[in-house]
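The structure appears below as structure tokens.
Counting starts at 1 for both ligands and their atoms, in listed order. As the structure is a prediction and not an experimental result, all values here were calculated from the model.
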Amino acid sequence: MESFDIQKDLENGLKNKEFQVYLQPKFDCRTEKMVGAEALVRRVTNGILVMPDSFISFYEQAGIITYLDNFVLEEVCKLLQKWQESGKYCYVSVNESAKHLSNKNHGIEVMKILNHYKVSPHFIELEVTESAIIHDMELAKKAEERMHELGFIISMDDFGVGYSSFSVLKNIPIDVLKIDKIFLEGLLNKRRFQIILESIIDMAHKLRMITVMEGVENKEEVEYLKEIGCDVLQGYYFDKPLPVQEFEKKYIYHS
Ligand code: C2E
Ligand code: CA
Ligand code: CA
């Protein structure tokens with residue numbers, strides 16, 4: 001598709017309310033209590049559920065992902081406001097595309113949305129991938145510092161899959177290290193893999209970062225991650241990304 005068509009496609013999707021936010025809960029590793037959630041976007045076109053991997057990159061390439069990310073952020077703010085009004089507190093993470101980093105007004109635009117819903121940035125975690133950051137480290141450093149100063153929690157998503165993860169850690173103010181699910185592949189049988197993962201968690205703690213393991217799918221992984229002191233877990237073992245109403249029923253308004 002031409003970038004004009006992609007823009008029209010996104011506009012139509014937003015206008016027709018085809019985009020929906022799903023929430024996947026995250027759990028404290030020790031207590032297994034829900035501590036937060038990640039917002040993951042879906043599109044429902046003609047009754048068919050479309051996953052983000054098949055549209056995000058088109059919008060990114062066309063330079064229009066901000067519209068979708070701001071929509072997701074706004075939906076999350078609406079929920080946080082509603083929950084907080086009934087005394088329920090939970091933090092939610094949103095995925096931040098690389099494109100935001102080059103927009104100097106990003107912080108201002110985002111704060112406008114938060115202020116409108118009277119939501120504090122302390123309840124919002126921004127998940128940024130390494131590939132977004134290494135594209136222009138200086139730009140990313142300034143952008144993340146700005147967001148950090150505003151009070152957002154900064155999380156590095158997909159840690160360990162790229163080539164520059166460690167140089168990113170050296171340069172960017174990161175609060176949360178979200179370790180990529182590839183680290184779980186074959187982990188339980190390979191001591192080498194375990195040493196690497198244990199070292200990453202140890203390093204993250206020494207740097208005062210919270211560690212999150214994504215893609216946790218079975219009890220054995222949970223037990224092992226408990227043993228090595230990982231802080232937060234997310235994955236199908238606990239729950240899949242859920243439509244908002246289902247998430248609320250299960251995790252927010254349960255008795
Ligand atoms: P991500 O940020 O790494 O999100 C994690 C992906 O892993 C999600 O896929 C989630 O559904 C999936 N997942 C969760 N638990 C498990 C598990 O136990 N095992 C396995 N194998 N997978 C698990 P999803 O929802 O299809 O999202 C794919 C990617 O699309 C996300 O990867 C993120 O990069 C991007 N994305 C999703 N929503 C947004 C958004 O609102 N804005 C932007 N910019 N990107 C988004
Ligand atoms: Ca993510
Ligand atoms: Ca991830």
Side-chain angles (χ1 to χ4, degrees), residues 6 10 13-14 18-27 29 34 36-44 49-77 79 91-103 106 110 113 124-133 135 152-162 165 168 174-187 200 210-222 225 230 232-244 246-247:
I6 296 173
L10 176 57
L14 287 168
E18 290 179 16
F19 292 103
Q20 291 179 9
V21 171
Y22 274 46
L23 293 170
Q24 186 177 30
K26 297 181 191 175
F27 296 81
C29 187
M34 196 277 290
E38 176 176 8
L40 293 155
V41 74
R42 306 285 182 256
R43 185 172 186 169
V44 183
L49 186 70
V50 187
M51 302 304 276
D53 280 337
S54 47
F55 54 82
I56 295 281
S57 61
F58 290 108
Y59 300 147
E60 271 178 341
Q61 279 158 27
I64 53 172
I65 189 71
T66 311
Y67 298 104
L68 186 60
D69 283 350
N70 285 352
F71 162 80
V72 172
L73 180 70
E74 185 157 1
E75 291 301 298
V76 165
C77 286
L79 289 172
Y91 78 94
V92 178
S93 62
V94 294
N95 290 285
E96 279 254 285
S97 166
K99 293 289 173 211
H100 306 302
L101 301 176
S102 53
N103 175 6
H106 181 55
V110 161
I113 302 176
I124 300 199
E125 182 177 319
L126 305 173
E127 296 195 3
V128 197
T129 58
E130 169 204 298
S131 55
I133 294 172
H135 185 67
F152 290 93
I153 305 161
I154 310 291
S155 166
M156 187 171 166
D157 201 356
D158 301 342
F159 180 80
V161 279
S165 307
V168 171
I174 294 175
D175 306 295
V176 179
L177 198 65
K178 196 163 180 192
I179 304 162
D180 195 85
K181 49 183 171 283
I182 54 154
F183 279 94
L184 290 178
E185 283 169 21
L187 182 77
I200 290 173
I210 289 173
T211 50
V212 181
M213 187 74 231
E214 64 172 17
V216 178
E217 293 185 354
N218 58 59
K219 180 90 188 138
E220 291 71 35
E221 289 169 351
V222 174
L225 290 160
C230 186
V232 177
L233 308 180
Q234 177 183 0
Y236 299 155
Y237 171 75
F238 295 97
D239 226 328
K240 56 185 192 303
L242 301 169
V244 165
E246 223 174 290
F247 178 87

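- Looking at atom 21 (N) of ligand 1, its nearest protein heavy atom turns out to be E217 OE2, 3.3 Å.
- Counting atoms of ligand 1 from 1 in the listed order, those under 4.0 Å from a heavy atom of E38 are 2 (O), 4 (O).
- Closest N/O/S atom of E38 to the Ca ion (ligand 2): OE2.
- Which of N70, V76, D180, V41 comes nearest to atom 39 (C) of ligand 1 through a heavy atom is settled by distance: it is V41.
- The CG atom of L233 sits 11.5 Å away from the CD atom of E214 when rounded to the nearest 0.5 Å.
- Residues V72 and A39 come closest through the heavy atom pair CG1-CB, 4.0 Å.
- Taking a cut-off of under 4.0 Å to the non-hydrogen atoms of M51, the atoms of ligand 1 that pass are 26 (O).
- Within a 6.0 Å radius of CD1 in I113, other residues, nucleotides and ligands contribute more than 12 heavy atoms.
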- Would K178 and E38 count as a salt bridge (charged side-chain N to carboxylate O under 4.0 Å, His left out) if you check the C-alpha gap in whole Å, the side-chain angles of each, and the deciding distance to 0.1 Å? CA-CA 12 Å; K178 196 163 180 192; E38 176 176 8; 2.8 Å; yes
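- Taking every non-hydrogen atom of E214 and a distance limit under 4.0 Å, the qualifying atoms of ligand 1 come out as 3 (O).
- Between F19 and F55, the gap from one ring centroid to the other is short of 6.0 Å.
- Closest to atom 15 (N) of ligand 1, if we only count protein heavy atoms, is Q24 NE2, 3.0 Å.
- Here the heavy atom of the protein found nearest to atom 29 (C) of ligand 1 is D53 OD1, 3.6 Å.
- Here CG of D175 is found 6.5 Å from CD1 of I154. Values are rounded to the nearest 0.5 Å.
- Here the protein heavy atom with the shortest distance to atom 46 (C) of ligand 1 is I56 CD1, 3.6 Å.
- Shortest contact from atom 11 (O) of ligand 1 to any protein heavy atom: P241 CG, 3.3 Å.
- Considering only residues two or more places apart in sequence or on other chains, F159 meets the ring-ring contact (aromatic ring centres under 6.0 Å, His included) condition with F166.
- Taking CG of L40 as the reference point, atom CG of N95 lies at 6.0 Å (rounded to 0.5 Å).
- Taking every non-hydrogen atom of V72 and a distance limit under 4.0 Å, the qualifying atoms of ligand 1 come out as 41 (O).
- Every residue meeting the side-chain contact (heavy atoms from CB on, under 4.5 Å) condition with Y236, not counting sequence neighbours, appears here in chain and number order: Q24, E217, K240, P241.
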- Start with the C-alpha gap between E127 and S93, add the side-chain angles, then the distance that decides, and say whether side chain to side chain donor-acceptor pair (under 3.5 Å) holds. CA-CA 7 Å; E127 296 195 3; S93 62; 2.8 Å; yes
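- For the Ca ion (ligand 3), protein N/O/S neighbours under 3.0 Å (waters excluded) are D157 OD1, D158 OD1, E214 OE1, E214 OE2.
- Protein heavy atom closest to atom 31 (C) of ligand 1, with residue, atom name and distance, is L40 CD2, 4.2 Å.
- Nearest-residue assignment for atom 33 (C) of ligand 1 (options D157, D69, N95, L233; heavy-atom criterion): N95.
- When each atom of ligand 1 is checked for a heavy atom of V216 under 4.0 Å away, the hits are 18 (O).
- Atom 3 (O) of ligand 1 lies below 4.0 Å from at least one non-hydrogen atom of the protein.
- The distance from atom CG of L187 to atom CG of L225, rounded to the nearest 0.5 Å, is 7.0 Å.
- Ranking the protein heavy atoms by distance from atom 6 (C) of ligand 1 puts K181 NZ, 3.8 Å first.
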- Passes side chain to side chain contact (heavy atoms under 4.5 Å, CB included), L184 versus V216? Steps please. CA-CA 8 Å; L184 290 178; V216 178; 4.2 Å; yes
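- The nearest pair of heavy atoms linking Y59 to R43 is OH-NH1, 2.8 Å.
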Side-chain donor/acceptor pairs under 3.5 Å, residues 64-71, sequence neighbours excluded:
residue : atom : partner : partner atom : Å
D69     : OD2  : S97     : N            : 3.3
D69     : OD2  : H100    : NE2          : 2.8

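- Looking at E221 and K181, no side-chain N of the basic residue comes within less than 4.0 Å of a carboxylate O on the acidic one, giving no salt bridge.
- With distances taken over non-hydrogen atoms, the option nearest atom 27 (O) of ligand 1 out of P52, S57, S155, A39 is P52.
- Short contacts between ligand 1 and G235, defined as distances under 4.0 Å to a heavy atom of the residue, involve ligand atoms 15 (N), 18 (O).
- Using a 4.0 Å cut-off to heavy atoms of R42, the atoms of ligand 1 that qualify are 11 (O), 24 (P), 25 (O).
- The closest protein non-hydrogen atom to atom 13 (N) of ligand 1 is Y236 OH, 3.6 Å.
- Interface of D158 with ligand 1, defined as ligand atoms under 4.0 Å from a residue heavy atom, comprises 3 (O).
- Side-chain contact between L23 and L242: absent, with no pair of heavy atoms (C-beta onward) separated by less than 4.5 Å.
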